[in-house]
Every structure is written in structure tokens, then in C-alpha cells.
Amino acid sequence: MLDPKRVRNQTEDIARRLAIKHFTFDQATFEKLEEQRRSLQVRTETLQSAQNKRSKSIGKAKAAGEDIQPLLDEVDNLKSQRSEAEDQLRELQEELNGFLAGIPNVPDESVPAGDSEEDNVEIRKWGVIPSFDFEPKDHVSLGEQLGGLDFETATRLAHSRFAVMRGPVARLHRALAQFMLDLHTSEHGYTEAYVPYLVNAETLYGTGQLPKFEADLFKTEGEKPLYLIPTAEVPATNLVSDSILDASELPLKLVCHTPCFRSEAGSYGRDTRGMIRQHQFDKVELIHIVRPEDSEATLEALTGHAEKVLQLLALPYRVVQLCGGDLGFSAACTYDLEVWLPGQEKYREISSCSNTRDFQSRRMSARWRNPETGKPEPVHTLNGSGLAVGRALIAVLENYQQVDGSISVPDALKPYMGGIERIQ
RNA sequence: GGAGAGGUGGGUGAGUGGCUGAAACCAGCUCCCUGCUAAGGAGCCAUACGCAUUGCGCGUAUCGAGGGUUCGAAUCCCUCCCUCUCCGCCA
């Protein structure tokens, strides 16, 4: 949610920057709604105030033994006017809220213009792209050959876009998650958190998935529906919703390993082969809750923490800054980490690190008490994958493959593999 | 799932229809006193929105949530949610 005051005062600037995100801000509608809201609110409150005054004087008049009938009549009249104004105000308020809730976050000035992935800007590269003296396979053939990746059975049990893992490959998957969790907690100062995998609509509203992106979510049946989380960002960021944090509690750094569930509506035909794009995948998520003045530097640090995972796994990658057209709804600025996949001979996204500034914190009412003003002010929230576990598994399989189709275990993962040095 | 008890400000906790946005205490903040420590004294101390901003400010809403009764609700009624205790069930 954008700050309504800011939208009012800097309308032109907001509209210009939202255009970079390919969002057309309907200034006329906003101004009309805002003006109506204001006059209705004043009217309602004035009537309410008058009514309250009469009601109070009734008590006094009664105690003094005076005739209260004239006052009662007056209140009756005020009341009908007020409830009419109230109904109009409520209706308008809902319309205005709906309008504001649908506006994406304003991108930072640093965000490059562009329409899609193609226009993202490469910031840096790390590592050496491995050269094979044989034709490298992709993870699907490698996984099937090892008996560790099974998509057919998963489809029988559930649906397409699910995977079954077995044996050392399943263990490698677990090892990756454990390794990431240990790295972030012991080297990068994160606190581990375990959170619900099913959340309610309010929680999803807080981080920005609702109301606009319900189609991407799995929803449970029932009187009070719950949704499977599409990322740990949702429950983990909402840990601070509806609260006022003390300055001494910031920054809050959380790491969270969860499965993620995405319906991937609208992605038919994309990455249908293999486990690049699944309905269910694991992710280790990094969350920062910070003071506003710290969020820019924090995004750099957060991205560095995710990069460290790839560096320790010796997987070549590059960092790109997302262009306006590729930026997510809640993000003001995003860096994607793209890992090299020899099977595709391409860099593919393995992490996305975003600064949402006060966009999510306003929606979920997460504030801190600023010692300088003594007032509660919205915190800044950031999130980043550190990393997507399924895609990390793909990257390890493809980059560490040997000529015979076996996989040598990366040094960093050996402590987690119970003595297995090679998967074959 | 069944029975009972309860949800009030950062915390404890008073408050059964008007003078209660809410006593008191604790924590916190400011000032005074004090050689240090300890103790003491005075005051401040919820949030959101709006109006006015030359300045003190003023208004509305909020006592788990929503609805109702009433001129007037933290207080009465209804529904829901949550917490605790006991029972059942289970990991």
C-alpha cells in the first residue's frame, strides 16, 4: 500500500514512476474518490459530534429533572442524517481502499526501464562457466539415470509439475537446505524461524499476493479458507504485522526453510520439462525487517548472503537488476541471481532479492517507534531467496556431472551427505 | 469435538448504562533533589483518520471481531474468533 498522503501530494511523480512498471495510475479517479471521501468524512464526523453532545446533555438534563423530549427529537433527526452519510462513507471507503490496494509499489529511481526479462541489467558475474569434454546432460536425464528424479510417478500421485526424489538425490536436496540454513544462521547472523505453510487471506494481503494474484495460489475449501504459501516471505514477513517494534529490536533477520506452492496459472508451456517450475518446491528464505534508512544497504547485504551460497557451492552465476516491466507487485527494487545451467546453456533465476520499502509494512501495519520522532513509523521489509532449493539441486546436478552421468558431491555439501562423495 | 472460565493501554489489573480513552500499580521518558549507590518529589506516557495549523489545539473512531438494543455501551443481547482449565482424540 502506498502512503495515501504521498499519493495525494506527489501524484505526478508517482504516476511517472509507476509507468516504468507499466502501470497506469488513474489520477482522475483517485482525486475524485479522495475528494468525495474527505467531504463525506467531515460531514459524518460533524453529525456524530453533534449527536454525542446532545446525548451527553440528556444525561445532565435528566439528572436536573428537566424535560428531555426536545433533545430526544433533535437526536432522532441527527441520527437519520448521520446514518445515511455513514453508509455513503463506508461504501466510498471500500472503493478507495480497493483502488489503493491494487496499486503496485513505486520502483526506485535506479530501476531501469524495460518490458521483460530481456531488459534486465547485468550487474556482475561470478565464477567460471565449466567446459565439459563431453556433451553435458540436463538434470532430467541425469536424475532419471540415477533413479533419483521421477516425474512420471509424481504425475500419477498428484499432477504434472510435481517431482518424486529418491535415494542420494533426495538426500542431496535435503543437504542443500541444511547447508543454507547453517550458513545463514552461523555466518550471516540470521535467526531461524519455523512458520505455518497455510495462511489466511489477511496475511497474503499484507505481503501483496492478495487481492490481485489469487489465481497463482492454492486455496483450501471450507468456511474460512486458507492458502498454501507461495513463499516463506508471506508468513515470515507477517511475523511483525500489527505491531510496533522497539528500535532496539531492529534489524530483524530471519531465515526460514519451507515448501512453496504455486499454481503457476498462466505459465502453461513454460519450463514444462524437469523441475525448474513446479507446483511444490522448497526454498530457504531470508527476511529483513529494518529501519527505513537502512534498507538500501540491506538489499546489498542480503543479495551478498544469497550469493555466498552459490560461491561456496562453486556454481557460476550472475546478478541482474530487474527492469520496471519485470519487477514484482510489492518490490521497489529487485536483484535476481541467475545460476549457470550447462543442460540449457543458460543462466536461470535461482534467487530474487527485493526491497519492498514500506509497501508491505503499510499493508500489514508493521511499525517501529522512531526514537527521533517518538512516533510509530512503518518499517522497511526485504526478502530474498537464499536459495531456491529445487533449482539449486538442478544446478549441482548439471554443473557437477561426470562423463558417466554420476555426480560428484560439492565440498560444501560433503558434511551433510554422510560420507557419500559421488552419486551414481 | 464436549464442559467451564476469560479476552480492557507496553505489562499487571479496576471498571455492570452517561462525569471512562478508560482508576491504580509496574515498566518507560522529562525535570527537581541527591557526593556515589539506594531512596524521594513533580509531570509526561495508546493508535488511526480528519479539521485547523500563526500558537495552545479540535473532532471522530477504537476496551478480541462483527452485528443489535438505547438519546447514550468497555458495561446489556446475539454471532464469530482466540486464550486458559478439565475431558475426549491424537503426533
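The structure presented is a predicted model; accordingly, all values stated were derived computationally and were not measured. Convention: sequence-line order gives letters A, B, ...; per-chain numbering from 1. FYI, side chains are in, hydrogens and waters are out, and symmetry mates aren't considered; it's all heavy atoms of this structure.
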- Message: Both D76(A) and T46(A) contact RNA chain B. Taking the nearest nucleotide for each, which residue is further toward the 5' end?
- Response: T46(A)
- Please tell me which of P376(A) and R8(A) maps to the more 5' nucleotide of RNA chain B, matching each residue to the nucleotide holding its nearest heavy atom. P376(A)
Relative to the ring of [Y], is the ring of [X] parallel (under 30°), tilted (30 to 60°) or perpendicular (over 60°)?
| X | Y | answer |
| --- | --- | --- |
| F25(A) | F30(A) | tilted |
| H184(A) | H188(A) | tilted |
| F162(A) | H279(A) | tilted |

In whole Å, measure the gap between the [atom1] atoms of [N] and [M] for me.
| N | M | atom1 | answer |
| --- | --- | --- | --- |
| A24(B) | A42(B) | P | 13 Å |
| A38(B) | G43(B) | C1' | 23 Å |
| A22(B) | C36(B) | C1' | 41 Å |
| G40(B) | U34(B) | C1' | 9 Å |
| G68(B) | G17(B) | C1' | 16 Å |
| G55(B) | C29(B) | C1' | 25 Å |
| G59(B) | U70(B) | C1' | 23 Å |
| A27(B) | G10(B) | C1' | 8 Å |

When the distance from [atom1] of [X] to [atom2] of [N] is rounded to whole Å, what number comes out?
| X | N | atom1 | atom2 | value |
| --- | --- | --- | --- | --- |
| E372(A) | C29(B) | CD | P | 17 Å |
| L72(A) | G18(B) | CG | C1' | 14 Å |
| N97(A) | C49(B) | CG | C1' | 12 Å |
| L78(A) | C71(B) | CG | C1' | 11 Å |
| L245(A) | G10(B) | CG | C1' | 13 Å |
| D242(A) | G64(B) | CG | C1' | 12 Å |
| R82(A) | G59(B) | CZ | C1' | 15 Å |
| R43(A) | C49(B) | CZ | C1' | 19 Å |

With respect to the side chain of [X], which nucleotide from [options] is positioned closest?
| X | options | value |
| --- | --- | --- |
| K56(A) | C51(B), C19(B), U60(B) | C19(B) |
| I244(A) | U47(B), G50(B), C19(B) | U47(B) |
| V75(A) | C71(B), G50(B), G59(B) | C71(B) |

Watson-Crick or G-U wobble mate for [N], both contacts under 3.5 Å:
| N | result |
| --- | --- |
| C49(B) | G59(B) |
| U34(B) | none |
| U79(B) | A65(B) |
| G18(B) | C71(B) |
| A23(B) | none |
| C86(B) | G2(B) |

- Message: For the CD atom on E152(A), are there more than 12 heavy atoms of other groups (residues, nucleotides or ligands in this structure) within a distance under 6.0 Å?
- Response: no
Sugar-phosphate only, base, or nothing, as touched by [X] at under 4.0 Å among non-hydrogen atoms:
| X | answer |
| --- | --- |
| R37(A) | sugar-phosphate |
| R367(A) | sugar-phosphate |
| K53(A) | nothing |
| N52(A) | sugar-phosphate |
| R362(A) | nothing |

- Item | Side-chain (R161(A)) to main-chain (R277(A)) donor-acceptor, under 3.5 angstrom | yes
- Query: Is it true that a side-chain atom of S385(A) and a backbone atom of S352(A) form a donor plus acceptor pair closer than 3.5 Å?
  - Reply: yes
- Task: Assert yes or no for the condition that the ring centre distance of Y227(A) to F218(A) is strictly below 6.0 Å.
- Result: no
- Query: Distance check: side-chain N/O of R369(A) vs OP1/OP2 of U47(B), anything under 4.0 Å?
  - Reply: yes
- Looking only at side-chain N and O atoms, does Q41(A) come under 4.0 Å of OP1 or OP2 in U60(B)? no
- Query: Can you find a donor-acceptor pair, distance only, under 3.5 Å between E45(A) side chain and G59(B) base?
  - Reply: yes
- Ring-face cation contact, Y205(A) with R363(A), 6.0 Å cut, 45° max: yes
